[in-house]
Every structure is written in C-alpha cells, then in structure tokens.
**Student:** 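A single structure is presented below for examination.
Positions are given from 1, in the same order as the sequence printed here. These numbers come from the heavy atoms of this one structure, side chains and all, not from hydrogens, waters or symmetry mates.
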Amino acid sequence: MQKLSKFIFTRILGWKLVGDFPKHLKKYVVIAAPHTSWKDFPIAILARNSSGEKVNFIGKNSLFKGPFGFIFRSLGGTPVDRSQSSNMVDAIVQIFENKKEFRLGISPEGTRKKVAAWKTGFYYIAKGAKVPIVMATLDFENKQIKFSEPYDTTNDKEKDFKHFHAFFKGVKGNHSELS
C-alpha cells in the first residue's frame, strides 16, 4: 500500500512531502491546514500512506456503521460516540490514554469554510493527553505537505496559537479564497 500510495501521490498527482511525520513518537496530534475542500482528506491519506506512518482520524459513530464502516476503520478512523460524552475533548483524551500508540490528524478550522478563528479542541486534546502537536500544510499551490517539528504546548495559549498560525502563513488550500 505504501508504494502504491507514494506512486499516486508523487507521480500521478505531482505532490511531495517536505519533512516527515516524527516516527520516533508514538502519540501526538497532527493539525493539517488549511482545510478548504473534500480533496484534503484523500490527499492527507495518500501522504500518510506514502510515509508509512499510521495516523488516525476521528469521526462520528454513524460513519463506522453499515456497509461502509469497515472502509473508515481500515483508513485509520476511530469512532467517537458524541451522544455518550458531553465533552468531545475528554472522550478523545481517553482514546489517547487507552492506546499505546495513537496519532490523531485533525483540522484546526473544524470545517471547510473560511473561519475567523480556529477551533481550540485540538489544543486541549494535546494538553489533556500530554502529547505534542505536529503541523502539516495542505499546500495546493505548491503541491506539498510540509511538516513541523513536534511542538509541546506551553501555558501561554496566545503564544502557542501565534506559533501555529506563523507556520501556516501564506499556505493556500485547494480553494485559496477560503485559506
């Protein structure tokens, strides 16, 4: 699967990875941005598969039921039952605590639409699980995914978010007007 994904990602689609996932870490949160299109998910899956790193994603429980549930599980999805937990962050922190290895890919925007401010769930998940954050661009203009070094959050949320935003500055998503 790795060779096929790499062939599609690099040769057919013309994308490249700049850097890589931190293979020495068993747990971390990956924030991928900007999230402007349905194409972000397959590009991210191909990038993940090309690197050989197992990165998971979360989805509502209903995606994992029925005839297509096995597809989302095989792609690394982990279901979250939102009806059982009033706090999604705590539910995901619990997943981190219950697994020896878990790398969570998430969009900080929380939507494909243009947003004035990012959601903060990824930040509190990383803090609660005591794991670093790795940033990954979805740069459609340059057809590349660039990775940051793992970043350990501080007790200064404003400083941390400035660091995150600086990494993604100027990166254009598939729909650049939404970036």
Side-chain angles (χ1 to χ4, degrees), residues 1-9 12-13 15 17 20-23 25-115 117-138 140 145 147 150 153 164 173-175 178:
M1 184 60 93
Q2 185 176 0
K3 286 181 181 182
L4 177 61
S5 292
K6 192 170 192 170
F7 178 78
I8 294 169
F9 184 71
I12 294 176
L13 299 177
W15 280 70
L17 297 177
D20 203 353
F21 293 103
K23 296 189 184 307
L25 294 175
K26 298 213 179 286
K27 295 181 180 185
Y28 54 86
V29 172
V30 178
I31 56 172
H35 182 34
T36 65
S37 168
W38 65 268
K39 295 177 183 177
D40 299 341
F41 181 75
I43 291 292
I45 294 295
L46 286 167
R48 179 203 66 187
N49 289 352
S50 295
S51 77
E53 191 71 357
K54 183 178 180 185
V55 178
N56 304 90
F57 62 92
I58 54 161
K60 57 186 175 181
N61 229 6
S62 60
L63 290 175
F64 297 87
K65 295 179 180 170
F68 300 109
F70 76 96
I71 294 171
F72 290 108
R73 285 186 197 280
S74 69
L75 289 173
T78 299
V80 175
D81 186 357
R82 294 188 289 194
S83 68
Q84 297 298 315
S85 175
S86 60
N87 190 331
M88 183 70 87
V89 169
D90 288 343
I92 298 169
V93 167
Q94 189 67 46
I95 293 169
F96 270 98
E97 290 174 0
N98 291 337
K99 295 187 179 256
K100 288 184 179 183
E101 190 174 302
F102 191 70
R103 298 166 192 94
L104 175 65
I106 195 165
S107 163
E109 297 104 329
T111 182
R112 292 179 301 225
K113 298 175 184 161
K114 186 154 183 78
V115 296
W118 284 356
K119 303 273 187 183
T120 57
F122 76 91
Y123 183 75
Y124 291 109
I125 290 166
K127 286 188 90 55
K130 298 176 181 72
V131 299
I133 294 172
V134 174
M135 295 165 278
T137 63
L138 290 167
F140 276 76
I145 295 182
F147 297 93
T153 58
F164 302 143
N174 188 50
H175 298 288
L178 303 177

**Student:** Side chains of K119 and S107, heavy atoms from C-beta outward: is any pair under 4.5 Å?
**Tutor:** no
**Student:** Between L17 and S50, which heavy-atom pair has the shortest distance, and what is it?
**Tutor:** CD1-CB, 4.5 Å
**Student:** How long is the gap from CZ on F41 to CG on L138, to the nearest 0.5 Å?
**Tutor:** 12.0 Å
**Student:** Checking N56 side chain against G76 main chain: does a donor-acceptor pair fall under 3.5 Å?
**Tutor:** yes
**Student:** Give a yes or no on this: more than 12 heavy atoms of other residues, nucleotides or ligands lie within 6.0 Å of atom NZ of K6.
**Tutor:** no
**Student:** Indicate yes or no for a side-chain donor-acceptor contact from R48 to the backbone of L75 under 3.5 Å, with no hydrogens or angles considered.
**Tutor:** yes
**Student:** If we only count heavy atoms from C-beta on, is the I31 to Y123 side-chain gap below 4.5 Å?
**Tutor:** no
**Student:** Just by distance, do the side chain of E109 and the backbone of W118 share a donor-acceptor pair under 3.5 Å?
**Tutor:** no
**Student:** Might you confirm whether atom NZ of K3 has over 12 heavy atoms from other residues, nucleotides or ligands at distances under 6.0 Å?
**Tutor:** no
**Student:** Checking F102 against V131 for the side chain to side chain contact (heavy atoms under 4.5 Å, CB included) test, could you report, in this order, the C-alpha distance in whole Å, the side-chain angles of both residues, the deciding distance, and whether it holds?
**Tutor:** CA-CA 10 Å; F102 191 70; V131 299; over 6 Å; no
**Student:** Taking all heavy atoms of I8 and all of L46, pick out the closest pair and write down the distance.
**Tutor:** CG2-CD1, 3.8 Å
**Student:** Would a distance-only check, ignoring hydrogens and angles, find a side-chain to backbone donor-acceptor pair under 3.5 Å from K99 to K27?
**Tutor:** no
**Student:** Calculate, to the nearest 0.5 Å, the distance between atoms CD1 and OG1 belonging to I125 and T153 respectively.
**Tutor:** 12.0 Å
**Student:** Rounded to the nearest 0.5 Å, what separates atom CG in D90 from atom CD1 in I95?
**Tutor:** 11.5 Å
**Student:** I want to check something: taking the side chain as every heavy atom from C-beta on, are P108 and F164 in contact at a cut-off of under 4.5 Å?
**Tutor:** no
**Student:** What I'd like to find out is whether the side chain of L13 reaches to under 4.5 Å of the side chain of I43, using heavy atoms alone.
**Tutor:** yes
**Student:** In Å, rounded to the nearest 0.5 Å, how long is the span from CG of N49 to CE of M1?
**Tutor:** 6.0 Å
**Student:** When you compare the side chain of K23 with that of S51, does any pair of heavy atoms fall below 4.5 Å?
**Tutor:** yes
**Student:** Considering non-hydrogen atoms only, spot the tightest contact between F122 and I106 and give its length.
**Tutor:** CB-CG2, 3.7 Å
**Student:** Between S74 and I71, is there a donor-acceptor pair closer than 3.5 Å when you use the side chain of the first and the backbone of the second?
**Tutor:** yes
**Student:** Just wondering, do F96 and V29 contact through their side chains at under 4.5 Å, heavy atoms?
**Tutor:** yes
**Student:** Determine the interplanar angle of the F9 and W15 rings, folded into 0 to 90°, and report it as parallel if under 30°, tilted if 30 to 60°, perpendicular if over 60°.
**Tutor:** tilted
**Student:** Check E53 against L25 and note the closest heavy-atom contact, atom names and distance.
**Tutor:** OE2-O, 4.2 Å
**Student:** Rounded to the nearest 0.5 Å, what separation is found between the OG1 atom of T78 and the CG atom of L63?
**Tutor:** 12.0 Å
**Student:** What closest approach, in Å, do V134 and P150 show between heavy atoms, and which atom pair accounts for it?
**Tutor:** CG2-CA, 4.0 Å
**Student:** Look only at the side chain of D40 and the backbone of S37, and say whether a donor-acceptor pair between them is shorter than 3.5 Å.
**Tutor:** yes
**Student:** Please give me the minimum heavy-atom distance between A47 and F21, naming the atom from each residue.
**Tutor:** O-CE1, 4.4 Å
**Student:** Hey, are K54 and E101 close enough for a salt bridge, meaning a charged N less than 4.0 Å from a carboxylate O?
**Tutor:** no
